[in-house]
Every structure is written in structure tokens, then in C-alpha cells.
Asks: 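What follows is a structure written as C-alpha cells; I'll ask about it next.
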Amino acid sequence: MYSEVRVGTTFKLYFKAAEYCSSKPQKLLDEQSHATEGNASILIVEDEEEVMRILSRTLRDAGYAVTTAASGDEAFEVFKTFGPFDLLLTDVVMPGELLGPALAKAVRQIDPELPCIFLSGYASEATVHSNGLRPSDIRLMKPVSRTDLLHAVSKAISKTHITG
């Protein structure tokens, strides 16, 4: 729950993921429409363990190579040690010194063309903490659907393969 005086309160409900059977093979359609770009590697930075697990599994199942970190500080060390990566997928607000935008700025000193996707739990985070975000950066609200996530990742990675 998040509250701001004279603004309102936001409640989030999280439900365990479940398999859904329909007459159309939606999973197959999703995977075909979000084909991975070769052997793309993604660094995911998320401090909520369950959110990290879902993001990681979704992207691995789609064929991406995934590396994870629980904070911006840890992610920066991972990036320096195990990079380069094709994409940074990071929470906006998390523990440590490097929040999502500061992490993006730090890793872009090493890899200036690295595409970034920012995940936020609150709409206000995207405005308050967005210093240094580029117009090309993608912003997603949590919880994000599998389809929206895969579409954003595909779009971000294809931009660098076209321009880079």
C-alpha cells in the first residue's frame, strides 16, 4: 500500500500465476511475436524476490540469457564483472546507493548505447526519480503482464540492433 496526503492511496493485489487453457495457443502466439534477438543477455535488477523470480522465468522461457541482482549496487558490480549485456531491466526504487536511474547512468558510462527498461510500482516514481532517463528508455508499471514485458524487451533490444 502506498499513500500520499491529498493525493490518495494505491493498493496492490498480487495473485499467484496460474496456467490458463484456451482454445487458442496464446503462449505460442506470444513467443512468435516476441522472438528473441539471437542470444540476447539481460541484467535484471529487482529487490522483491517474487517479482525477480517471475521476471527471470518469463524471460528465460522466452529464450533470453538472464543475470540477476537484488540492488543497484550489486548490479553495477555484476555489470562490470560479467558484462556486456544487451539490456538493463531495473526497478526504479530499491535499496542501496544506486537507484534505477543512477544505475543506468553508471553503466552507460561503460556502455553508452545500453537500452534500459525501468519498472516502477508507483506512477509518481517515474516522475520523481526519472532524472537522467532518456526518451528512448521504456517505463513499465508493476505488475506488468507477460505480453507487455516481452514486447518491451523485444522493442528495446531491436532498437540497439538497428541503430547499434
Asks: Does the distance from a Lys or Arg side-chain N to an Asp or Glu carboxylate O, for Arg146 and Asp61, drop under 4.0 Å?
Replies: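 Result for this pair is no, no salt bridge flagged.
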Asks: State the CE-CG distance between Met141 and Leu119, to the nearest 0.5 angstrom.
Replies: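 It is 10.0 Å, given to the nearest 0.5 Å.
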Asks: Go through the steps to decide whether Ser56 and Ile44 satisfy the test side chain to side chain contact (heavy atoms under 4.5 Å, CB included), and finish with yes or no.
Replies: CA-CA 8 Å; Ser56 298; Ile44 303 175; 3.9 Å; yes
Asks: Check whether any side-chain heavy atom of Phe79 lies under 4.5 Å from a side-chain heavy atom of Leu114, and answer yes or no.
Replies: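 The answer is yes, as the side chains (C-beta and beyond) meet within the 4.5 Å cut-off.
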Asks: Just how far is it from atom NE2 of His151 to atom CD1 of Ile138, taken to the nearest 0.5 Å?
Replies: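 Rounded to the nearest 0.5 Å, the NE2-CD1 separation comes out at 7.5 Å.
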Asks: What closest approach, in Å, do Leu87 and Pro115 show between heavy atoms, and which atom pair accounts for it?
Replies: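 Heavy atoms of Leu87 and Pro115 come nearest at CD1-O, 3.3 Å.
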Asks: Mind checking whether Asp91 and Lys142 have side chains closer than 4.5 Å, heavy atoms only?
Replies: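 They are in contact (side-chain heavy atoms under 4.5 Å apart), so the answer is yes.
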Asks: Do Glu48 side-chain atoms and Glu50 backbone N/O form a donor-acceptor pair below 3.5 Å?
Replies: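 Side chain of Glu48 to backbone of Glu50: no pair is present.
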Asks: Shortest non-hydrogen contact from Ala75 to Val45?
Replies: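 Scanning both residues, the minimum pair turns out to be CB-CG2, 3.4 Å.
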Asks: Going through the checks in order, is the side chain to side chain contact (heavy atoms under 4.5 Å, CB included) test met by Phe85 and Asp111?
Replies: CA-CA 9 Å; Phe85 292 92; Asp111 182 355; over 6 Å; no
Asks: Can you name the nearest heavy-atom pair linking Phe76 to Ile110, along with the distance?
Replies: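 Phe76 and Ile110 have their closest heavy atoms at CE1-CD1, 3.9 Å.
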Asks: Between Met52 and Ala69, which heavy-atom pair has the shortest distance, and what is it?
Replies: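 Scanning both residues completely, I find the closest heavy atoms to be CE-O, 3.0 Å.
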Asks: Closest approach of Thr90 and Gly100, non-hydrogen atoms and distance?
Replies: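 So the two residues come closest at OG1-CA, 3.8 Å.
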Asks: Measure from the side-chain N and O atoms of Asp73 to the backbone N and O of Leu98, and report whether any donor-acceptor pair falls under 3.5 Å.
Replies: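 Judged by distance alone, yes, a pair lies under 3.5 Å.
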Asks: Could you grab the distance from atom CD of Glu113 to atom CG of Asp86, nearest 0.5 Å is fine?
Replies: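 CG of Asp86 is found 13.0 Å from CD of Glu113.
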Asks: Of all the heavy-atom pairs spanning Ala62 and Leu150, show the shortest one and how long it is.
Replies: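 Residues Ala62 and Leu150, closest heavy atoms: CB-CD2, 3.6 Å.
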Asks: Would a 4.5 Å heavy-atom cut-off, applied to side chains only, mark Leu59 and Leu149 as touching?
Replies: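 Yes; the side chains approach each other to less than 4.5 Å.
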Asks: CD1 of Ile42 to CZ of Arg60: how many Å apart, nearest 0.5 Å?
Replies: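 Reported value, rounded in 0.5 Å steps: 10.0 Å.
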Asks: Just grab all the side-chain hydrogen bond (donor to acceptor under 3.5 Å, both in side chains) pairs involving residues 76-85, residues at least two apart or on different chains.
Replies: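 Non-adjacent pairs meeting side-chain hydrogen bond (donor to acceptor under 3.5 Å, both in side chains): Glu77-Lys80.
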